[in-house]
Asks: 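The structure that follows is given in the form of structure tokens.
Letters go in sequence order (proteins before strands), and every chain restarts at 1. Keep in mind that what you see is a predicted model, and the values were worked out from it rather than measured.
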Amino acid sequence: MTQAPEPSLTTNRTRLPQGLVMLGNILSVLARTPTSLFGLVVIALLVVMAAFAPLIATHDPYIQNLANTLQPPSMAHLFGTDELGRDIFSRLVHGARITLTIIALVSIVVGPIGLLFGTVAGYFGGKIDTVLMRITDIFLSFPSLILSLAFVAALGPSLNNAIIAIALTSWPPIARLARAETLTFRSADYVSAARLQGASSARIIWTSIVPMCLPSVIIRLTLNMATVILTAAGLGFLGLGAQPPLPEWGAMIATGRRYMIDSWWLVTFPGLAILAVSLAFNLLGDGLRDALDPKQMNRR
Amino acid sequence: MIERKRYASAFGNQAISILITLFGLLVLTFVIGRVMPVDPVRAIVGEDATREVYENVYRQLGLDRPIWQQFFFYLRDVVTLNFGNSIRTGQPVLNDIGRVLPATIELATFAIIIGAGLGAPMGVVAAVNKDRWPDHLVRILSLMGHSMPIFWTGMIALLVFYAGLGWVGGSGRMSQFYIGMVPERTNFLLIDSALAGQWDVFRSALNHIILPASLLGYSSAAYITRMTRSFMLDQLNQEYITTARVKGLSRRQTIWRHAFSNIRVQLVTIVALAYGSLLEGAVLIETVFAWPGFGQYLTANLLIGDMNAVMTCVLIVGLIFISLNLLSDILYRVFDPRTR
């Protein structure tokens, strides 16, 4: 890590400052509104929790202690224990890893698929555009949870399949967005210049159009994360996502449901965690939209 | 004349695009139904069937045919409404769905009334007080509705309002006591019990529907509020609003009689779309409230891996969605004088 390769340093020097300045601007705008700040803080906490889960957790999330089941919150067990005597706080902390993994994997899959569909459709137009956008519309004609349910049913219930299902159902809005962006750049002078120099379509899309679509796609992905979290938790709750004993928050609520009347802490804390994180992403996305409002960002 | 021609061609385009979407929907459900790792023949004949029996069923299901022929058979089945039987209930899937759908429609309709009744005024208030505290409050309320995991809120609400305070009925559509007492006519419990004059049952049903419907309504109110706010802001920035104020109309009259009247059409289309997305929440909320509706039917079949029933459910949700889109389009055309 200490020996960074020389070439990337030089290219970074030309690119990074501008990007950093922009990032700094965005962050300072976000920090000024209390709601976005709350979002930022919660997400930062989530990342810290996931990164240092073994250090933060007070107990092992999987070790059962049948002599100590369904204990209410106390100093020994901050959020109480579940039906198998496992520490709920520690399970929540480790669950942050699962949540982050889901968000990251879905975004990694959805971003490129959406970009590919959108830029190709937008750049070529005509029949290709019609066909690709028809496919997108068909996916959009289902509520995303129902379609994910169908995919998981076909693939079999597991965390990986839940991630695949969510990814398969959440690329259409990204494709739409990338297409709209591409349409505005398609006839720009620099694209024509690249074409006149003899660049292939694939090269033009990759080097001239994709980078221009990236910022808005990234914002859209952030906004999307709240939905991804809720869908994943919903699948987990229905028993179609992460399987026990994985400490996935939705699945924790599903098992806690049986003991809900006498042991409220079993469902309350995982639910609060889901609510806090999805609210945080929504608030952050809301703030990002304001910060990057095209009306104030005409300079681009 | 030209007018009519343009109208007809717009209609034709719409019809073609709906047909294509429908076809795509069928391709999608067909493909999902095929990728499943479970062997459909084994599911029918069981583990220890002889090779002969197995191959008979294999041929009966048409699995020996090329894939395009199989798709053709699937299309034929859909067109003739032959969706096969559910493994779990032994009844034709379509009958099952016809039986459970009214419960969900009742719930969703109740919810959308609450959602629109809450969302539209909140959106107007937020727009009128843009960037002041009511706007911020509404924004946070609607983001909360947008961010809550509805299955969890459902449980907490049951804990508080049913187990704790005893204000509402618990799970199910009515108290256990009344089950089987109401003659089934429409399968809409509120209507059936009212028709039969059984007001005890009606009250019990109302008591049971109010909590899940409020939660669903709240989650759709989040969306409706947001859209209402942005529609209202568009209107309030226009000059006719200033004119109305200058000519001496009160603030209230300007807002409700002028600005709000102008967004009604847009609002109706939004409500139609929100109604569709309620189906999504219904799947989760029905599980929590043991509501014997479409969502519960879907998840029960999912868990036992009855793909036939599941894919029929998915197809029907898709159809409902497409119809609602179409409906909102038609409403727009009918009510907005500019599209005439």
Asks: If I measure from the heavy atoms of chain A, does B:I140 come under 4.5 Å with its side chain, its backbone, both, or neither?
Replies: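 Only the side chain of B:I140 comes within 4.5 Å of chain A.
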
Asks: With a 4.5 Å limit on heavy-atom distance, are the side chains of A:T35 and B:R139 in contact?
Replies: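 Counting from C-beta outward, A:T35 and B:R139 do come under 4.5 Å.
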
Asks: Determine the option with the most heavy-atom pairs under 4.5 angstrom with chain A, choosing from B:L143, B:L158, B:T299, B:I320.
Replies: B:L143

Asks: Pick from A:I261, A:I135, A:I146, A:I274: which one has the most heavy-atom pairs with chain B under 4.5 Å?
Replies: A:I146

Asks: Between B:V317, B:V27, B:I156, which shows the greatest number of heavy-atom pairs under 4.5 Å with chain A?
Replies: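 Top count of heavy-atom pairs under 4.5 Å with chain A: B:V317.
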
Asks: When rounded to the nearest 0.5 angstrom, what is the spacing between NE2 in B:H146 and CG in A:N282?
Replies: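 CG of A:N282 is found 5.0 Å from NE2 of B:H146.
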
Asks: Under 4.5 Å heavy-atom distance to chain B, tell me which part of A:A233 shows up: side chain, backbone, both or neither.
Replies: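 The answer is both parts of A:A233.
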
Asks: What part of B:S277 gets closer than 4.5 Å to chain A, counting heavy atoms only: side chain, backbone, both or neither?
Replies: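 No part of it gets close to chain A.
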
Asks: Rounded to the nearest 0.5 Å, what separation is found between the CG atom of A:L145 and the CD1 atom of B:I150?
Replies: 11.0 Å

Asks: Between atom OG1 of A:T268 and atom CE of B:M155, what is the distance when rounded to the nearest 0.5 Å?
Replies: 10.0 Å

Asks: Checking heavy atoms, do the side chain of B:L303, its backbone, both or neither come under 4.5 Å from chain A?
Replies: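 Answer is side chain: those atoms of B:L303 sit under 4.5 Å from chain A.
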
Asks: A:A254, A:G234, A:G256, A:G250: which one forms the most heavy-atom pairs within less than 4.5 Å of chain B?
Replies: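 So the answer, after comparing A:A254, A:G234, A:G256, A:G250, is A:G234.
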
Asks: Is it the backbone or the side chain of B:M311 that comes under 4.5 Å from a heavy atom of chain A, or both, or neither?
Replies: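 Answer is side chain: those atoms of B:M311 sit under 4.5 Å from chain A.
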
Asks: List the atom of B:I32, the atom of A:A154, and the distance in Å for their closest heavy-atom pair.
Replies: O-CB, 3.4 Å

Asks: So which of B:T287, B:L324, B:T21 has the largest heavy-atom pair count under 4.5 angstrom toward chain A?
Replies: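 Among B:T287, B:L324, B:T21, the one with the most close pairs to chain A is B:T287.
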
Asks: Give, as side chain, backbone, both or neither, the part of A:L272 having an atom under 4.5 angstrom from any heavy atom of chain B.
Replies: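 Looking at A:L272, backbone and side chain both touch chain B.
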
Asks: Could you go through A:L238 and B:L284, starting from their C-alpha distance and side-chain angles, then the distance that decides it, and tell me whether this counts as side chain to side chain contact (heavy atoms under 4.5 Å, CB included)?
Replies: CA-CA 8 Å; A:L238 292 174; B:L284 293 166; 3.9 Å; yes

Asks: To the nearest 0.5 Å, what is the distance between CZ on A:F139 and CG on B:L28?
Replies: 5.0 Å

Asks: Minimum heavy-atom separation for A:L230 to B:S147, with atom names?
Replies: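 For A:L230 and B:S147, the tightest heavy-atom pair comes out as CD2-O, 3.5 Å.
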
Asks: Could you have a look at A:S144, A:P157, A:G239 and say which one has the most heavy-atom pairs with chain B under 4.5 angstrom?
Replies: A:S144

Asks: So which atom in A:I253 and which in B:W152 form the shortest heavy-atom distance, rounded to 0.1 Å?
Replies: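 It is CD1-CD1, 3.8 Å.
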
Asks: In terms of heavy-atom contacts, does CE of A:M260 have more than 12 from other residues, nucleotides or ligands at under 6.0 Å?
Replies: yes

Asks: Restricting to non-hydrogen atoms, name the atom on A:I138 and the atom on B:L25 that form the minimum distance, rounded to 0.1 Å.
Replies: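 Looking at all heavy atoms of both residues, the shortest contact is CG2-N, 3.9 Å.
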
Asks: If I measure from the heavy atoms of chain A, does B:V288 come under 4.5 Å with its side chain, its backbone, both, or neither?
Replies: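 For B:V288, the contact with chain A is made by backbone and side chain together.
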
Asks: When rounded to the nearest 0.5 angstrom, what is the spacing between CG in B:N301 and CG in A:L149?
Replies: 12.0 Å

Asks: For chain A, which of B:V310, B:L279, B:I322, B:L159 has the most heavy-atom pairs under 4.5 Å?
Replies: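 Maximum pair count with chain A is reached by B:L159.
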
Asks: Need one label for B:L298: side chain, backbone, both or neither, based on atoms under 4.5 Å from any heavy atom in chain A.
Replies: side chain

